[in-house]
Amino acid sequence: MRIAVLALQGAFIEHEQALARLGVEMLEIRRLQDMKASFDGLIIPGGESTVQGKLLRELGLHQPLRQHIAAGLPVFGTCAGLLLLAGRIENDTRVHLATMDITAVRNAYGRQLGSFYTEADFRGIGKIPMTFIRAPYIAAVGAAVQTLAEVNGRIVAARQGMQLVTAFHPELNDDLSVHRYFVEMIAGAAV
Ligand code: GLN
C-alpha cells in the first residue's frame, strides 16, 4: 500500500512520520507530475485552507484530485484538509475540492478556544487524544455521512464512503489510531 500526502503547505511532515511509524510507503504530491505515480490513498494536512486551495488551483491539481476522489480514491483530511473536502463552508466565500456532503465552519472555536487539547471517543476506536488548532467543526452532515466523533456536541470527525475527515490533528500526538483507521479503511477492513 502506498499513501500520498499533499505537501503544498501546512503540517504534512507529521503525517509522513505517522505513516513511516506504521510502516506504510509514502509519496508527496507537490505538482501535477506527481499524480502520475500510483497510490492507494491521499492525506490532506492541516494548515491554511485558503492557501492550499489557491495552490491547488495554480498548480493544476484541483481538477485531477477532485476527479480522483470523486472516482473513489480514499482520502483523509485533517483540519484545513477537512475544509478543502467540505461541500459547504458556512463562513467562507469559496469551497475547494468540495467532494464531501458536510457543512463546515472555519475557525469555529473563537479566539479563546482557538487551540485546545481534549480526549474524546472516536467511533470504533475508543478514547483518543485530540489537538485542535484554529479548527473547524462540522455543522451539518448529509445522509451518506457517518459521524465518528463529537466534542461538546459538535461533530469533529466524519466519514462518507472512502472520505475521512477530522477537525483535530491526530498527526500531532503519538497515538496512531486514526492513521491506522485510514489504512484499514483503504484495505477495506474499517467499516
Ligand atoms: N484555520 C485554518 C483554516 O481555516 C485551519 C487550521 C488548521 O489546519 N490547523 O484553514
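Start at 1 with the first residue, then count along the sequence. The figures here come from the full heavy-atom set of this structure, side chains too, leaving out hydrogens, waters and symmetry mates. This one's a predicted model, so the numbers in the text were calculated from it and none came from an experiment. Atoms within a ligand are numbered from 1 in the order they appear, just like the ligands themselves.
- Listed by number with element, the atoms of ligand 1 under 4.0 Å from a non-hydrogen atom of S49 are 3 (C), 4 (O), 10 (O).
- R106 NE, 2.6 Å is the protein heavy atom nearest to atom 4 (O) of ligand 1.
- Polar contact with ligand 1: absent for C79 (N/O pair, distance under 3.5 Å).
- Below 4.0 Å from some heavy atom of L83 lie the following atoms of ligand 1, by number and element: 3 (C), 4 (O), 10 (O).
- Some N or O of H169 is nearer than 3.5 Å to an N or O of ligand 1, by distance alone.
- Residue contacts with ligand 1 include G47, since one of its heavy atoms falls under 4.0 Å from the ligand.
- The shortest N or O to N or O distance between G46 and ligand 1 is not under 3.5 Å.
- The residues R106 and D92 are annotated as salt-bridged, a charged nitrogen and a carboxylate oxygen being separated by less than 4.0 angstrom.
- Expressed to the nearest 0.5 Å, how far CE of M1 lies from CE of M26 amounts to 15.0 Å.
- Considering backbone and side-chain atoms alike, N107 places an N or O below 3.5 Å from some N or O of ligand 1.
- Look at K54 and E58 and you find a salt bridge, because one of the NZ, NE, NH1 or NH2 atoms lies within 4.0 Å of a carboxylate O, short of that distance.
- Between the side chain of R21 and the main chain of D174, a donor-acceptor pair closer than 3.5 Å is present.
- The main-chain N or O of H96 is found under 3.5 Å from a side-chain atom of H62 such that the two form a donor-acceptor pair.
- Without hydrogens or angle criteria, Q9 side chain to E48 main chain gives a donor-acceptor distance under 3.5 Å.
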